[in-house]
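Please read the structure below before turning to the comments.
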2 protein chains.
Amino acid sequence: MEPKIKYMYIYNDVKNKINNNKYKIDTKLPTETELAKIYGCSKLTVKKALGLLESEGMLMRRRGSGTYVKRHSILNNEFIIEPTSNLTDKYGEKNVESKIVKFLIEKPSERIAEILNIKDDYIYHIERIRYINKQPYSIEYTYMPLSLIKGLEPKHLEHSIYNYIQDILKLKIKTGHIFIRGKEFTKEEKELLNIKSDKFSIELEKKVYLDDGDIFEYSVTKHVYEHFVFETIFVNN
Amino acid sequence: MEPKIKYMYIYNDVKNKINNNKYKIDTKLPTETELAKIYGCSKLTVKKALGLLESEGMLMRRRGSGTYVKRHSILNNEFIIEPTSNLTDKYGEKNVESKIVKFLIEKPSERIAEILNIKDDYIYHIERIRYINKQPYSIEYTYMPLSLIKGLEPKHLEHSIYNYIQDILKLKIKTGHIFIRGKEFTKEEKELLNIKSDKFSIELEKKVYLDDGDIFEYSVTKHVYEHFVFETIFVNN
DNA sequence: TAGTGGTCTAGACCACGAT
DNA sequence: TCGTGGTCTAGACCACTAC
């Protein structure tokens, strides 16, 4: 149950206590020194755990004053996508469906080869339409190096590529770089998604890296705008 | 010149060396131990500096292997807005113009009072159209507690509210919470911005907090979609 | 002035990658 | 097996808040 890493245990424990109202919003947490005593660890370990919660917007820490609870973790809001969100985990496997438009293994274009850092190798080139509760949600153009992602089959695309990569291939996603912009749908996309001609899209362009530094995915996903909200938090140092 | 904080000095120094190609992309940085010796500090201080650079996507750190340079800091890309971007700083004061549509001091609506955590006090209610290089860029609806932001005048709105708050009032922005979505422009907004009727907007809804925990701004900004890209990076732990 | 979180040290030990 | 970054300790001192 408990993770081996002590600060992750403290992180989860404090997070749960906030979500269960054992630590209430707008109240003060015990001091770092007290928490260190409670958890039987050094101040630095407490500080690392609380720093994570601060970066998620749940805590506000003030030198000379204390650590205050600001809000619960989100999780429940229907349309909100965070940088690390996974559709299948968010909406439940039963509520997400995917229609495969293209599933190719091909030589990459010059541009994609450069982005994926590929010399003379093949890639997967995938186009999927995704539905949530039977409603068209997005169209997704994905490019992945063949050499990294072994054995990908249509059945994986129908559910979650990410879950295949993480659960079956045991690859670890480390960082991602996301660009968000507005974009019109093409005529073909409107037909594929079966949406009216005045709808536009929110486009997410993503480059995702594994923990060994390899880029494993370049993708462009165009979301029907009514069903999409992206959330992010920043903390200054 | 050098900041008092040692890890910020290291952070800036390494960042500059990457941007000036003294540390080249795809090469390895000296180890933490070596850097600690170079800067005359402990490993932990080096680690903190490098951790910041990793969270900005400039470095990739791998246990058992080393720290690798991944890319320069961005800065130059024309339309890209990051979570902490400030229009005036980004495009230069001369290239940003603002037209004030509304500048009211009023009692807040119930909704705004709740968001700003205000009981029985007045707020600024501001609507501005912003132009970059004479092109309409966005329309911005801003609500701020009067009690926090003293002495705001039209001349400040014509340039940067943020610069007034940070440079003159010496308030420090600590965290922000951002939602991004697609939204149509209203007929009035299209007229104010003088744009064609088929244009839509990327809406940024922001709550911004000061370092003492007070919320000082709630704003909704609708950007003409062609001139707007939002960038963010995530790092898993 | 007392109490808080922020920075920093000089170590120790561990998990993981490369070989 | 060796070198790397990751976790952790038990302190010290500092900057800031609140009183």
Side-chain angles (χ1 to χ4, degrees), chain A residues 2-14 23 27-55 58-70 170-172 174-175 209-214 235-237, chain B residues 2-14 23 27-55 58-70 170-172 174-175 209-214 235-237:
Chain A
E2 284 86 43
K4 274 167 289 185
I5 310 285
K6 202 179 282 189
Y7 75 79
M8 284 308 291
Y9 172 76
I10 301 172
Y11 163 85
N12 284 317
D13 195 58
V14 173
Y23 293 138
T27 64
K28 210 196 275 203
L29 239 57
T31 67
E32 293 187 346
T33 312
E34 284 166 354
L35 287 170
K37 200 170 286 178
I38 290 170
Y39 291 107
C41 68
S42 76
K43 257 178 67 176
L44 200 69
T45 305
V46 169
K47 203 184 284 290
K48 187 150 187 178
L50 299 187
L52 287 174
L53 291 166
E54 184 182 31
S55 75
M58 297 180 69
L59 296 179
M60 152 81 63
R61 324 184 68 211
R62 299 181 61 204
R63 181 189 333 216
S65 176
T67 298
Y68 300 84
V69 180
K70 273 186 56 184
K170 305 289 183 199
L171 300 175
K172 277 178 196 149
K174 180 70 176 297
T175 67
Y209 296 81
L210 298 175
D211 67 349
D212 63 2
D214 289 332
V235 178
N236 280 334
N237 298 296
Chain B
E2 285 87 42
K4 272 166 291 186
I5 310 286
K6 203 180 281 192
Y7 75 78
M8 284 307 292
Y9 172 77
I10 300 172
Y11 164 85
N12 284 317
D13 195 57
V14 173
Y23 294 137
T27 64
K28 210 196 276 201
L29 238 58
T31 67
E32 293 187 346
T33 313
E34 285 166 352
L35 287 170
K37 200 170 286 180
I38 289 171
Y39 290 106
C41 67
S42 76
K43 256 178 70 176
L44 201 68
T45 305
V46 169
K47 203 184 284 293
K48 186 148 187 180
L50 299 188
L52 286 174
L53 292 166
E54 184 183 32
S55 74
M58 297 180 69
L59 296 179
M60 154 80 63
R61 325 185 65 211
R62 299 182 60 204
R63 183 193 323 217
S65 177
T67 299
Y68 300 84
V69 180
K70 273 186 58 186
K170 305 289 183 199
L171 300 175
K172 277 178 197 150
K174 179 71 175 298
T175 67
Y209 296 81
L210 298 175
D211 66 349
D212 63 1
D214 289 332
V235 178
N236 281 333
N237 298 295

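Residue numbers start from 1 in every chain, and the chains themselves are labelled A, B, ... in the order their sequence lines are given, proteins ahead of strands. The analysis underlying the following values was restricted to heavy atoms, covering all of them including side chains, and did not include hydrogens, waters or symmetry mates.
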Legend entry - Comparing Asp211(B) and Arg61(B) on DNA chain D - which has the more 5′ nearest nucleotide: Arg61(B)

Inset, instruction - Check every atom of dT7(C), dA18(D), dA18(C) against the side chain of Ser65(B) and return the nucleotide holding the closest atom. - result: dA18(C)

Legend entry - Residue Lys47(B), side-chain atoms from C-beta onward, closest of dG5(D), dT9(D), dC8(C): dG5(D)

Inset, instruction - Quickly work out the Leu50(B) CG to dC8(C) C1' distance and round it to whole Å. - result: 16 Å

Legend entry - Whole-Å gap separating P (dT17(D)) and CG (Leu210(B)): 12 Å

Legend entry - Euclidean distance, atom NZ of residue Lys6(B) to atom C1' of dC14(D) [Å, nearest integer]: 13 Å

Legend entry - Thr67(A) side-chain N/O to dG5(C) phosphate OP1/OP2 under 4.0 Å: yes

Legend entry - Atom pair distance, as rounded to whole Å: NZ in Lys4(A) and P in dG6(D): 16 Å

Legend entry - Atom-to-atom span, NZ of Lys28(B) to P of dT4(D) - whole angstrom: 7 Å

Legend entry - Results of side-chain hydrogen bond (donor to acceptor under 3.5 Å, both in side chains) for Thr175(B) - residues two or more places apart only: none

Legend entry - Ser55(B) side-chain N/O to Leu52(B) backbone N/O, donor-acceptor pair under 3.5 Å: yes

Inset, instruction - First locate atom CG of Asp212(A), then atom CG of Leu171(A), and finally report the distance between them rounded to the nearest 0.5 Å. - result: 8.0 Å

Legend entry - Integer-rounded Å distance: dT9(D) C1' and Ile10(A) CD1: 13 Å

Inset, instruction - Let me know the distance between OH of Tyr68(B) and C1' of dC16(C), rounded to the nearest Å. - result: 12 Å

Inset, instruction - Identify whether NZ of Lys or CZ of Arg in Lys47(A) sits under 6.0 Å from the centre of the six-membered ring of Tyr7(A) and within 45° of that ring's axis. - result: no

Inset, instruction - Would you tell me if any nitrogen or oxygen in the side chain of Tyr7(B) comes within less than 4.0 Å of OP1 or OP2 on dT7(C)? - result: yes

Legend entry - Earlier contact from the 5' end, DNA chain D, for Glu32(B) and Leu44(A): Glu32(B)

Legend entry - Lys/Arg cation over aromatic Tyr11(B): Lys6(B), 6.0 Å, 45° cone: no

Inset, instruction - Would you indicate what Gly40(B) reaches in the nucleic acid, counting non-hydrogen atoms under 4.0 angstrom: base, sugar-phosphate, or nothing? - result: sugar-phosphate

Inset, instruction - Check every strand shown and say whether Lys48(A) touches a base, only sugar-phosphate, or nothing at a heavy-atom separation below 4.0 Å. - result: sugar-phosphate

Legend entry - Which residue lies more 5' along DNA chain C, comparing Leu29(A) with Lys172(A) via nearest heavy atoms: Leu29(A)

Legend entry - Shortest side-chain distance from Arg63(A), nucleotide among dC8(D), dC14(D), dT4(D): dC14(D)

Inset, instruction - Output yes when at least one side-chain N/O atom of Arg62(A) is less than 4.0 Å from OP1 or OP2 of dC16(D), else no. - result: no

Inset, instruction - Would you tell me if any nitrogen or oxygen in the side chain of Lys43(A) comes within less than 4.0 Å of OP1 or OP2 on dG6(C)? - result: no

Legend entry - Nearest-Å distance for atom pair CD1/P, residues Ile5(A) and dT9(D): 12 Å

